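Here is how names work: the chains are called A, B, and so on, in the same order as the sequence lines, proteins then strands, and each is numbered from 1. Because the structure is predicted, anything quoted here is derived from the model rather than measured.
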2 protein chains.
Amino acid sequence: MALPHAILVSLSEQSGSGYELASRFDRSIGHFWSATHQQIYRTLRTMEDDGWVHVTPVTQQGRPDKKVYTVAESGRAELARWIAEPLTGDGSAATDSRTRDLAVKLRGAVYGDVSALHQQIVALRAERAALLDVYRGYEKRQFPEPGALRGAALHQHLVLRGGIRAEESSLDWLDEVLAALEGDQ
Amino acid sequence: MALPHAILVSLSEQSGSGYELASRFDRSIGHFWSATHQQIYRTLRTMEDDGWVHVTPVTQQGRPDKKVYTVAESGRAELARWIAEPLTGDGSAATDSRTRDLAVKLRGAVYGDVSALHQQIVALRAERAALLDVYRGYEKRQFPEPGALRGAALHQHLVLRGGIRAEESSLDWLDEVLAALEGDQ
DNA sequence: GAGTCCATGTAAACAGTTACATGATTGA
DNA sequence: TCAATCATGTAACTGTTTACATGGACTC
């Protein structure tokens, strides 16, 4: 997983407390990932133990005290290492940890190696395109006449259509990302 | 979650062993959901305890023995109940248990109330459309001139673009599903 | 007076992944 | 001979969600 790395990206942009991180998550990468405050608090503690972040307790008047977290040197190094590392996880669209990880890496790309990231996107694009071909093959074989479908067969086809649409959309996005990165050199 | 219900749908179409279910999962709703054999074996045992499925041990020659599972009466009732029940889970696109659940329900729609399912799709469509509006609002405010973006701002915009595309694709699919269901009465 | 925001936490349950184990059959 | 397929399982771990708890400040 990449929750610690997602936190590193967010803290790199702006130091903050666990509470702030939880609300920021909803606004920034919320479309790919949401994390509850419990997850974030627990993760922050292990990150502190690993030396990836520093903590500064801040006393406030009129509000509860808070702990402001800042990225440590080893956290910066870890983030850069992770961004350059190939995407892991299996290729099935189901859990889709890779797209999620990619979104996090992209958001933190300025803290890592953009060209290494570019390569990962090209690789992911190829895998996604292959999967889309598989789904389209299923469609051709199992539903040669989509207009005539009724009942259970219709429903099955619709589910497959969802898979195809999701892959197409994913591919389109990856192409947009690649084009934008290439135009930004 | 809905793993037991996904298994009920699959077993309703065709009785089978845990092993068979695991491989079927990849082919049918694999684009939305993949489950490992360990998950399936564990779930099947609790489903048996709950009386949702019956087991028949089958001895084979030249291969390991297997346990063939069949949907019990109470399993059929539970599946119908669950299909009619409104979609649960939060609306964030991140974990997206609702789209996953909807795909399972759609695949098993002939074992439940199709019109109740139709209503759920309409409701989900409305929520997704609202979320898309939120994302488009972010885009307008934070990135009024997308062509001029470079570096970190460009990357942030690309991540948002992914969220927007995913929602658009999801909406398009829901519309396709609604149109198909309405044409199938 | 009720509800939301800020801020952190414990505890428990549930979901999902990875590793290990067994063992015969079939095909390259 | 090596790998894959069939078939089920234990165990440990990681990840995620939900419930409960506290308590002041602010807004309706």
Side-chain angles (χ1 to χ4, degrees), chain A residues 1-7 15-27 30 32-50 55-69 88-98 100-101 104, chain B residues 1-7 15-27 29-30 32-50 53 55-69 88-98 100-101 104:
Chain A
M1 70 133 192
L3 182 54
H5 299 96
I7 290 175
S15 297
S17 66
Y19 186 91
E20 283 161 358
L21 281 168
S23 33
R24 260 191 251 165
F25 253 71
D26 293 344
R27 321 214 141 242
F32 286 108
W33 203 349
S34 65
T36 60
H37 67 276
Q38 292 86 345
Q39 264 178 285
I40 288 173
Y41 287 133
R42 232 182 313 136
T43 306
L44 280 170
R45 223 175 309 148
T46 64
M47 289 170 75
E48 200 200 330
D49 292 344
D50 292 346
V55 199
T56 318
V58 173
T59 24
Q60 300 185 116
Q61 63 270 55
R63 317 190 148 184
D65 298 347
K66 63 178 176 180
K67 300 176 178 176
V68 172
Y69 291 88
T88 52
D90 71 342
S92 78
T95 43
D96 207 12
S97 56
R98 325 173 79 150
R100 197 176 72 167
D101 285 1
V104 176
Chain B
M1 72 131 191
L3 182 53
H5 299 97
I7 290 175
S15 298
S17 66
Y19 186 90
E20 282 161 359
L21 281 168
S23 34
R24 261 191 251 166
F25 253 69
D26 293 343
R27 321 216 139 238
I29 44 164
F32 286 106
W33 203 349
S34 65
T36 58
H37 67 276
Q38 292 84 348
Q39 264 179 285
I40 289 173
Y41 287 133
R42 233 185 311 142
T43 305
L44 279 171
R45 224 174 308 150
T46 66
M47 290 171 75
E48 201 201 329
D49 292 344
D50 292 346
V53 291
V55 199
T56 319
V58 173
T59 24
Q60 301 185 115
Q61 62 269 58
R63 320 189 144 183
D65 296 349
K66 64 178 176 180
K67 300 176 179 177
V68 172
Y69 291 86
T88 52
D90 71 342
S92 77
T95 42
D96 206 12
S97 56
R98 322 171 83 146
R100 197 176 71 167
D101 285 1
V104 176

Problem set entry | Value in whole Å for how far the P atom of D/dT5 lies from CD of B/Glu20 | 15 Å
Seminar exercise, completed: In whole angstroms, the gap separating C1' of C/dT18 from CD1 of B/Ile40 amounts to 16 Å
Exercise. For B/Glu48, which residues count as a side chain to side chain donor-acceptor pair (under 3.5 Å) partner, sequence neighbours excluded?
Worked result: none
Problem set entry | N/O donor-acceptor pair, side chain B/Arg42 with base C/dT17, under 3.5 angstrom | yes
Seminar exercise, completed: Per-helix bend value, the helix from C/dG1-D/dC28 to C/dA28-D/dT1, C1' rotation axes over five pairs per end, 10° rounding, shows 50°
Exercise. A/Val55 versus A/Val68: any side-chain heavy-atom pair under 4.5 Å?
Worked result: no
Problem set entry | Nucleotide of D/dA7, D/dT18, C/dG16 approaching B/Gln39 most closely (side-chain heavy atoms) | C/dG16
Exercise. Given side chains that start at C-beta, do those of B/Thr43 and B/Met47 come closer than 4.5 Å, heavy atoms only?
Worked result: yes
For this session: Select one nucleotide: of D/dA7, C/dA7, C/dG16, the one nearest the side-chain heavy atoms of A/Tyr41.
Result: C/dA7
Problem set entry | Rounded distance (nearest 0.5 Å) linking atom CZ of B/Arg100 with atom CH2 of B/Trp33 | 4.0 Å
For this session: Tell me, please, which residues at least two apart from A/Ala35 pass side chain to side chain contact (heavy atoms under 4.5 Å, CB included).
Result: A/Leu3, A/Phe25, A/Gln39, A/Ile40
Exercise. Does C/dC6 have OP1 or OP2 sitting under 4.0 Å from an N or O in the side chain of A/Tyr19?
Worked result: yes
Problem set entry | Protein-to-nucleotide contact annotation, 5' to 3' order, nucleotides 19-28 of chain D [B base; S sugar-phosphate only; - none; under 4.0 Å, heavy atom] | B---B-S---
For this session: Classify the nucleic acid contact of A/Ser17 as base, sugar-phosphate or nothing, counting any heavy atom under 4.0 Å across all strands shown.
Result: sugar-phosphate
Exercise. Taking C-beta and beyond as the side chain, do A/Leu44 and A/Leu21 meet within less than 4.5 Å on heavy atoms?
Worked result: yes
For this session: Check ring pair (Phe, Tyr, Trp, His ring centres under 6.0 Å) between B/Tyr19 and all other residues, then give those that pass, not counting sequence neighbours.
Result: none
Problem set entry | Spacing between A/Arg45 atom CZ and D/dG15 atom C1', to the nearest angstrom | 16 Å
For this session: Please state how far atom CD in B/Gln60 lies from atom P in D/dT5, giving the value in whole angstrom units.
Result: 17 Å
Exercise. Taking atom C1' of D/dG9 as reference, at what distance in whole Å does atom CD of B/Glu48 sit?
Worked result: 15 Å
Seminar exercise, completed: Residues at least two apart in sequence or cross-chain that pass side chain to side chain donor-acceptor pair (under 3.5 Å) with B/Lys67, listed by chain then number, are none
For this session: Take atom CG of A/Leu3 and atom C1' of C/dG16, then tell me their distance rounded to the nearest Å.
Result: 16 Å
Problem set entry | Distance in angstrom units between B/Met47 CE and C/dA15 P, rounded | 13 Å
Exercise. Side-chain contact, heavy-atom cut-off 4.5 Å: A/Asp65 with A/Val58?
Worked result: no
Problem set entry | Atom-to-atom span, CG of B/Asp65 to C1' of D/dT5 - whole angstrom | 16 Å
